[in-house]
Amino acid sequence: MTQTRLGSFIEAWVNVLIGFGINWCANLLILPLFGFNVSPGQAFEIGLWFTAVSVVRSYVVRRWFNAKLHTAAQRLAGGVS
């Protein structure tokens, strides 16, 4: 069974929201261990930045992988030499 576009969209957002929550908690717990005392608001903003970087990274890797996989599939099918 394949996943619908809506299902993929919802899964992606749930993944981002869970990751953001983990990131926010980690910022509050880990940064003070390195001498960076942050408020919950600062941890939230830091989390937003890292989430944005993560979403861009995931998109680029996914598109690159998809292009490479498509090329490999065409080669196997004899479509590209």
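Computed from a predicted model, the values in this text were never measured in an experiment.
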Response to the item:
Across all chains, not counting sequence neighbours, the side chain to side chain donor-acceptor pair (under 3.5 Å) partners of Arg57 are Ser54

Fill in: Qualifying residues under side chain to side chain donor-acceptor pair (under 3.5 Å), relative to Ser8, sequence neighbours excluded
Gln3

Please tell me whether [X] and [Y] are part of a single hydrophobic cluster in this structure, the criterion being side-chain heavy atoms less than 4.5 Å apart.
| X | Y | result |
| --- | --- | --- |
| Leu48 | Leu28 | yes |
| Ile10 | Ile18 | yes |
| Val14 | Val55 | no |

Worksheet item: In Å, rounded to the nearest 0.5 Å, how long is the span from CD of Gln74 to CG of Leu69?
Response: 10.5 Å

Fill in: Qualifying residues under ring-ring contact (aromatic ring centres under 6.0 Å, His included), relative to Phe44, sequence neighbours excluded
Phe20

With a cut-off of 3.5 Å and sequence neighbours excluded, list every side-chain donor-acceptor pair involving residues 29-37.
none

Worksheet item: Heavy-atom count around Gln42 CD within 6.0 Å, excluding the residue itself: above 12?
Response: yes

Worksheet item: Partners of Arg63 by side-chain contact (heavy atoms from CB on, under 4.5 Å), sequence neighbours excluded?
Response: Tyr59, Asn66

Worksheet entry | Residues in side-chain contact (heavy atoms from CB on, under 4.5 Å) contact with Val60, at least two apart in sequence or another chain | Val56

Worksheet item: Between Ala43 and Val38, which heavy-atom pair has the shortest distance, and what is it?
Response: CB-CG2, 4.2 Å

